[in-house]
Number of protein chains: 2
Amino acid sequence: MATADPARPGFALPLLLLAGFRTLIDDLHAELAREGHPELRPLHGFVLQAVGADGTTATELGQRLGISKQAAGKTVDRLVAVGYLERVDDPSDARRRLVRVTPRGADGLRRSAEIFDRLRAQWADTLGPERVTAMEDDLGTMASANWFRLDVPGWFGG
Amino acid sequence: MATADPARPGFALPLLLLAGFRTLIDDLHAELAREGHPELRPLHGFVLQAVGADGTTATELGQRLGISKQAAGKTVDRLVAVGYLERVDDPSDARRRLVRVTPRGADGLRRSAEIFDRLRAQWADTLGPERVTAMEDDLGTMASANWFRLDVPGWFGG
DNA sequence: CTATTTCGTCAACCACGTTGACCATCTTAC
DNA sequence: GTAAGATGGTCAACGTGGTTGACGAAATAG
């Protein structure tokens, strides 16, 4: 299975990484929907995390995610519309509009973390805890440069 | 690095899988652009592979990729426009329009496979060949259900 | 006080997905 | 052999997530 196409061993690795990611994300959102967050989309968790407990501005959010301030602003719009973020004026700078996580957003974030912990535990049950840790360590070694970049129109790239 | 946020160990795994995937895909396309395929986008490799040497129809391509026939048709349109796919009438069924990989498409696919092999070899050099194989085996165990699905508006998911 | 930078937004556009509708063609059933 | 149904392809409208360019309002630097 790992080398699904023996003639092209290299093709398997990216496909497997994507499939592993999607497996976790799909499971997460199935469970989130069950727990009262059906509107939360895969991207949203990343954005909520990037906003953080202290809030940010759209421009800074864009920098954190590696996307334009306009794209960040539109994503914030959508999350405001479904009640996960709110915008407040910055009293110290009339140009800035602080973006903050609402209680509902914090709830979704907390549940996401719990669900991910449970999913990771499932992986550990199946593979053995040391295999999961080894995978994380190795991926950390290879992928540190792309840690949190989301500049991905459509899919990934470009 | 593997447990970037010790309070939320579960968050690291999906992020690492995505980062690993993106690292490979970004490196692939940087090299493909250097080798004369700057128009090839990340999605395209998956589609070209799914078309295969014998060709397909848009409807069947959609089924293979887990997307609608309309979406598959539009993607084929774009790949035809840049010369990687061609459409020919099926003499045995006037409804069907066979989609085939052009020589240019085959060249891109062949180079992609070669580049992926080199990237995998880089991972093996850094981590050790057995670690890469172990990662592939473990991911294969956990992710077999999401092997080739691309039904992903925007990013990944519904 | 003026010049520059910064923040947010608008507008147009592209890539990639969705559903619904529709026509043309092939297949099946009578 | 023809009527009815299934299948393949396309068009249209739309949603999400990305891009650039332009521009006004407000802060900062000189």
Side-chain angles (χ1 to χ4, degrees), chain A residues 18 22 25-26 29 39-48 50 55-82 84-99 149-158, chain B residues 18 22 25-26 29 38-47 50 55-82 84-99 149-158:
Chain A
L18 176 60
R22 290 233 25 208
I25 291 292
D26 291 352
H29 286 277
E39 322 88 333
L40 226 37
R41 309 247 305 101
L43 176 62
H44 296 164
F46 292 81
V47 176
L48 290 176
T56 1
T57 64
T59 296
E60 192 187 331
L61 183 60
Q63 286 166 351
R64 288 186 191 176
L65 297 175
I67 60 178
S68 65
K69 60 181 181 177
Q70 295 94 325
K74 281 201 280 187
T75 300
V76 170
D77 287 343
R78 290 177 204 118
L79 281 166
V80 168
V82 289
Y84 288 87
L85 291 177
E86 60 181 357
R87 281 193 229 253
V88 296
D89 290 332
D90 183 339
S92 73
D93 186 338
R95 293 170 307 177
R96 304 177 82 214
R97 304 216 61 204
L98 251 312
V99 175
R149 306 212 82 230
L150 294 181
D151 49 337
V152 177
W155 255 67
F156 31 66
Chain B
L18 176 60
R22 292 237 18 211
I25 292 292
D26 290 352
H29 287 278
E39 323 88 331
L40 225 37
R41 311 246 306 97
L43 177 62
H44 296 165
F46 292 81
V47 175
T56 1
T57 63
T59 294
E60 192 187 330
L61 183 60
Q63 286 166 352
R64 288 185 190 176
L65 297 175
I67 60 178
S68 65
K69 61 181 181 177
Q70 295 93 325
K74 280 202 278 190
T75 300
V76 170
D77 287 344
R78 289 177 207 116
L79 281 166
V80 168
V82 290
Y84 288 88
L85 290 177
E86 61 182 357
R87 280 193 229 253
V88 297
D89 290 331
D90 182 340
S92 74
D93 187 337
R95 294 170 306 176
R96 304 177 82 214
R97 305 214 61 203
L98 252 310
V99 176
R149 306 210 82 230
L150 293 181
D151 49 338
V152 178
W155 254 66
F156 32 64

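A, B, ... follow the sequence lines: proteins, then strands. Residue 1 opens every chain.
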Partners meeting side chain to side chain contact (heavy atoms under 4.5 Å, CB included) with A:E86 (sequence neighbours left out): A:R100, A:T102
Whole angstrom is fine here: how far is it from CG in B:D89 over to P in C:dA24? 16 Å
Would you classify A:A71 as touching base, sugar-phosphate or nothing, given that sugar-phosphate means primed atoms plus P, OP1 and OP2, and contacts are heavy atoms under 4.0 Å? base
For A:R41 and D:dT16, is the shortest distance between a side-chain N/O and OP1 or OP2 below 4.0 Å? no
Can you tell which of D:dT7, D:dG18, D:dG9 lies closest to the side chain of B:A58? D:dG9
Heavy atoms of A:L48 and A:Y84 approach each other most closely as CD2-O, 3.9 Å
Side-chain donor or acceptor of B:H29 paired with backbone N/O of B:D26 under 3.5 Å: no
Rounding to a whole Å, what distance do you find between B:H44:NE2 and C:dC16:P? 5 Å
Of the nucleotides C:dT9, D:dG9, D:dT19, which has the atom closest to the A:K69 side chain? C:dT9
Quick one: on DNA chain D, does A:K74 or B:D77 contact a more 5' nucleotide (nearest heavy atom)? B:D77
Phosphate-side-chain proximity, A:T75 and D:dG18, N/O vs OP1/OP2 below 4.0 Å: yes
Please list, one pair per line, the donor and acceptor atoms closer than 3.5 Å that link side chains of residues 87-98 of chain B to other protein atoms, with sequence neighbours excluded.
{"from": "B:R87", "atom 1": "NH2", "to": "B:D77", "atom 2": "OD1", "distance (Å)": "2.0"}
{"from": "B:D89", "atom 1": "OD1", "to": "B:R97", "atom 2": "NE", "distance (Å)": "3.2"}
{"from": "B:D90", "atom 1": "OD1", "to": "B:S92", "atom 2": "N", "distance (Å)": "2.8"}
{"from": "B:D90", "atom 1": "OD1", "to": "B:S92", "atom 2": "OG", "distance (Å)": "2.8"}
{"from": "B:D90", "atom 1": "OD2", "to": "B:R96", "atom 2": "NH1", "distance (Å)": "2.9"}
{"from": "B:D93", "atom 1": "OD1", "to": "B:R95", "atom 2": "N", "distance (Å)": "3.0"}
{"from": "B:D93", "atom 1": "OD1", "to": "B:R95", "atom 2": "NE", "distance (Å)": "3.2"}
{"from": "B:D93", "atom 1": "OD2", "to": "B:R95", "atom 2": "NH2", "distance (Å)": "2.9"}

Counting only side-chain nitrogens and oxygens, does A:S68 get under 4.0 Å of the OP1 or OP2 atom of D:dT19? yes
Kindly say if A:T59 contacts the phosphate of C:dT9, meaning a side-chain N or O under 4.0 Å from OP1 or OP2. no
If I take atom CD1 in residue A:I67 and atom P in nucleotide C:dA15, what distance separates them, rounded to the nearest angstrom? 19 Å
Rounded distance (Å) that lies between atom P of D:dG18 and atom CZ of A:R78: 7 Å
In whole angstrom, give the distance that lies between atom CD of B:Q63 and atom C1' of D:dA6. 13 Å
Once you round it to whole Å, what is the distance between P of C:dT28 and CG of B:D93? 12 Å
Could you give the CG-to-P distance, from B:L98 to D:dG8, as a whole number of Å? 12 Å
What do the steps show when you test B:I25 against B:R22 for side chain to side chain contact (heavy atoms under 4.5 Å, CB included), and what is the final call? CA-CA 5 Å; B:I25 292 292; B:R22 292 237 18 211; 5.6 Å; no
Where the side chain of A:R96 is concerned, which of D:dG8, D:dG18, C:dG8 is the nearest nucleotide? C:dG8
Return the value, rounded to whole Å, for the distance between atom CZ of A:R64 and atom P of C:dC7. 13 Å
Please tell me which of the listed nucleotides, D:dT19, C:dC10, C:dG8, lies nearest to the side chain of A:Q70? C:dC10
Side-chain N,O (B:R87) to OP1/OP2 (D:dT10) below 4.0 Å: yes
